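Please read the structure below before turning to the comments.
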Amino acid sequence: MAETLAPSVVSDTVRDGIALIVADSPPVNALGFAVRSGLHEALGRAIAADAVEAIVIACDGRTFFAGADIAEFAGLIPEPGLNRIYARMDASPKPIVAAIHGTALGGGLELALACHYRVVAADAKLGLPEVQLGLLPGAGGTQRTPRLIGVAAALELMISGQPVDAARAKAIGLVDDVAGGDLREAAIALARRVTAEGTPRRTRDRSPDVTGDAAEALFARFRADHEAVFTGFKAPGHILRAIEASTRLPFDEGRAVEQVLFEELMESDESLAQRHIFFAERAAAKVPALGRDVRPLANPSVAVLGEDERADALRNALALPSAPEGEADLVVIADPAIQVDAVAARAARPEAVVALHLPIEVAGNRLLEIGRGTRTSDVALATALALARRLGRVPVVSAGTAGLIGTRVLAAGRVAAEALVGEGISASAIDRAMTGYGFPSGLFGPAGGEAVDDAAIVRPLLAAMVEESARIVEQGVALRASDVDVAMVLGFGWPAWRGGPLFRAERAT
């Protein structure tokens with residue numbers, strides 16, 4: 001059969017009885033409408049063709065299907081949807097093999113699970129990260145995964161949202177083989193081998209490894225062992241409920257439960273907040289005035305000013321060669337209270353002065369605040385952004401004014417908290433109320449007691465932080481409103497399921 005193109009991004013060819021369906025939709029082969037349409041049509045042709053004995057699905061470019069097209073989440077997703085495609089795959093009398101390279105995430109892994117067999121490149125990553133968007137795998141993932149790898153492993157994979165490497169995927173039964181050489185040839189070889197075995201092995205037909213009382217005990221134990229994961233966030237509980245359905249219901253009925261739970265999450269405030277932060281993170285790394293032709297310094301020398309805990313933490317994290325202030329490629333201010341322009345005014349190289357703030361108040365945070373002064377060069381800024389990527393942190397760029405973003409917002413909250421103390425409310429009560437709202441600690445320090453839900457205390461504190469956030473945007477300190485939300489969620493403990501101060505303000509209007 002000659003090559004046939006299906007909406008320009010999916011091709012299919014037949015060689016010696018094996019149909020090879022290949023998607024090529026840069027940059028990451030997201031499962032948008034064109035890809036879905038092409039797959040659906042190509043599968044139909046291959047299943048109907050007498051000359052085809054087995055099917056291999058693969059992708060060109062740097063990765064297998066990296067997931068759903070998240071941009072489609074905002075509206076009605078046009079057919080064919082993923083579940084319609086997977087139903088066609090389930091109904092196929094011919095074995096279907098996924099040839100996975102790069103990252104198979106979310107809907108991409110769900111597609112691989114709907115295939116009968118999976119071969120993976122040795123350096124591939126596989127995962128179901130929907131929980132990070134406040135969602136659950138909504139195309140059969142909560143039903144196929146526990147049937148394939150067991151309920152306990154499925155809970156860990158979906159509720160952590162973390163990918164696994166090829167070796168781990170093979171060990172838990174997520175894939176059938178790890179290709180030692182050419183991936184597609186390995187997938188074709190597996191397709192030939194299983195063709196001789198007869199009826200394809202459908203994941204949906206497998207029985208769960210635990211049911212009844214044993215399953216209930218497993219779920220109760222998982223909840224108890226991961227209590228923090230279920231606090232505030234709605235998606236983990238829904239994922240557990242969907243997996244629980246897989247242990248007591250036939251596949252189609254479990255899928256129906258999954259769909260209901262998915263739709264509940266799609267409309268939830270928690271998921272809307274997490275999706276807002278997801279897109280805001282990606283926007284934060286983009287500085288409109290910074291030209292693409294500006295190249296960061298590869299291994300800059302730095303002079304980190306100060307001898308306090310923040311400066312020491314930054315030196316250790318950067319691990320770059322140090323130089324005197326007058327000779328360094330970057331003159332770095334670690335204290336967010338210091339204005340960049342004030343330091344630049346006395347510096348030998350004012351264009352090299354930049355603020356880099358690693359928040360130390362919240363353990364495990366992922367933020368790097370970058371303060372740019374009026375004389376900071378584009379090269380210095382580009383280098384700071386590159387350092388954020390090297391450190392695995394999300395950069396948020398602001399004008400290098402005192403407090404940058406996060407410290408200013410928290411300071412406004414503390415002023416409001418002091419006013420409440422003056423009215424007779426104890427600092428410990430304020431801190432317990434803030435942790436009850438979802439902050440990891442209070443405005444005065446760790447909460448000295450059990451967190452409480454006290455809207456009367458929390459409301460004026462949040463209002464003060466929202467007002468300060470709005471001022472930061474109005475004054476041009478932040479590049480965009482969503483940058484304030486990213487800074488507060490990623491660096492200063494604002495709960496992710498609340499979306500940040502300006503997301504809160506927008507939802508309230």
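Quantities reported herein were computed from a predicted structural model and do not represent experimental measurements.
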For [X] and [Y], indicate whether the former's side chain and the latter's backbone hold a donor-acceptor pair under 3.5 Å.
{"X": "Thr435", "Y": "Arg432", "value": "yes"}
{"X": "Arg36", "Y": "Ile85", "value": "no"}
{"X": "Glu468", "Y": "Ala412", "value": "no"}
{"X": "Asp453", "Y": "Ala433", "value": "no"}
{"X": "Thr376", "Y": "Val353", "value": "yes"}
{"X": "Thr103", "Y": "Leu105", "value": "no"}
{"X": "Asn365", "Y": "Val362", "value": "yes"}
{"X": "Thr63", "Y": "Ala66", "value": "no"}

Sub-4.5 Å side-chain heavy-atom contact between [X] and [Y]:
{"X": "His276", "Y": "Ser482", "answer": "yes"}
{"X": "Arg118", "Y": "Ile100", "answer": "yes"}
{"X": "Leu462", "Y": "Trp494", "answer": "yes"}
{"X": "Leu31", "Y": "Leu39", "answer": "yes"}
{"X": "Asp485", "Y": "Pro501", "answer": "yes"}
{"X": "Arg310", "Y": "Pro336", "answer": "yes"}
{"X": "Arg375", "Y": "Glu351", "answer": "no"}
{"X": "Leu443", "Y": "Leu410", "answer": "yes"}

Next on the checklist: Counting only heavy atoms not in Glu227 (residues, nucleotides, ligands), do more than 12 fall under 6.0 Å from its CD?
Outcome noted: no

Next on the checklist: Please determine whether the number of non-hydrogen atoms from other residues, nucleotides or ligands lying under 6.0 Å from atom CG of Asp225 exceeds 12.
Outcome noted: yes

Next on the checklist: Please determine whether side-chain contact (heavy atoms from CB on, under 4.5 Å) holds for the pair Val164 and Leu157, giving the CA-CA distance in whole Å, both sets of side-chain angles, and the decisive distance to 0.1 Å.
Outcome noted: CA-CA 8 Å; Val164 296; Leu157 186 69; 4.0 Å; yes

Checklist entry - Under 6.0 Å between the ring centres of Phe230 and His226? => result no

Checklist entry - Phe64 and His101: aromatic ring centres closer than 6.0 Å? => result no

Next on the checklist: Please evaluate residues Leu136 and Glu130 with respect to the criterion side-chain contact (heavy atoms from CB on, under 4.5 Å), reporting the C-alpha separation (whole Å), side-chain torsions for both, the decisive distance (0.1 Å), and the verdict.
Outcome noted: CA-CA 5 Å; Leu136 56 73; Glu130 287 86 349; 5.5 Å; no

Mind checking the [atom1]-[atom2] spacing from [X] to [Y]? Nearest 0.5 Å is all I need.
{"X": "Ile405", "Y": "Met488", "atom1": "CD1", "atom2": "CE", "value": "10.0 Å"}
{"X": "Asp329", "Y": "Glu327", "atom1": "CG", "atom2": "CD", "value": "10.5 Å"}
{"X": "Leu358", "Y": "Leu356", "atom1": "CG", "atom2": "CG", "value": "7.5 Å"}
{"X": "Ile430", "Y": "Leu420", "atom1": "CD1", "atom2": "CG", "value": "4.5 Å"}

Checklist entry - Run the side-chain contact (heavy atoms from CB on, under 4.5 Å) check on Leu318 and Leu391 step by step: do they pass? => result CA-CA 7 Å; Leu318 292 176; Leu391 294 173; 4.1 Å; yes

Next on the checklist: Show, in sequence, the C-alpha distance, side-chain angles and deciding distance for Glu369 and Arg393, and conclude whether the salt bridge (charged side-chain N to carboxylate O under 4.0 Å, His left out) test is met.
Outcome noted: CA-CA 9 Å; Glu369 283 193 286; Arg393 290 180 173 260; over 6 Å; no

Item to check | Verdict with reasoning, Thr401 to Ile472, per side-chain contact (heavy atoms from CB on, under 4.5 Å) | outcome: CA-CA 10 Å; Thr401 54; Ile472 286 170; over 6 Å; no

Next on the checklist: For the residue pair Arg498 and Phe503, would you count it as a cation-pi contact if the rule is NZ or CZ under 6.0 angstrom from the ring centre and within 45 degrees of the ring axis?
Outcome noted: no

Checklist entry - Is Arg282 close enough and on-axis enough to Phe278, meaning under 6.0 Å and within 45°, for cation-pi? => result yes

Checklist entry - Is any NZ, NE, NH1 or NH2 atom of the basic residue among Arg504 and Asp269 found under 4.0 Å from an Asp or Glu carboxylate oxygen of the other? => result no

Next on the checklist: Using a strict threshold of under 4.0 Å (side-chain N to carboxylate O), is an ion pair present between Arg480 and Asp483?
Outcome noted: yes

Item to check | From CA spacing to verdict: side-chain hydrogen bond (donor to acceptor under 3.5 Å, both in side chains), Glu258, Thr142 | outcome: CA-CA 7 Å; Glu258 175 190 86; Thr142 66; 2.5 Å; yes

Checklist entry - Hey, mind stepping through Arg471 and Glu474 against salt bridge (charged side-chain N to carboxylate O under 4.0 Å, His left out) and telling me if it holds? => result CA-CA 5 Å; Arg471 275 192 289 272; Glu474 291 166 4; over 6 Å; no

Next on the checklist: Would you call the rings of Phe492 and His357 parallel, tilted or perpendicular, taking 30° and 60° as the class edges?
Outcome noted: tilted

Checklist entry - Asn29 and Arg62: side-chain donor and acceptor closer than 3.5 Å? => result no

Checklist entry - Run the side-chain hydrogen bond (donor to acceptor under 3.5 Å, both in side chains) check on Glu270 and Gln274 step by step: do they pass? => result CA-CA 6 Å; Glu270 293 84 354; Gln274 288 177 258; over 6 Å; no

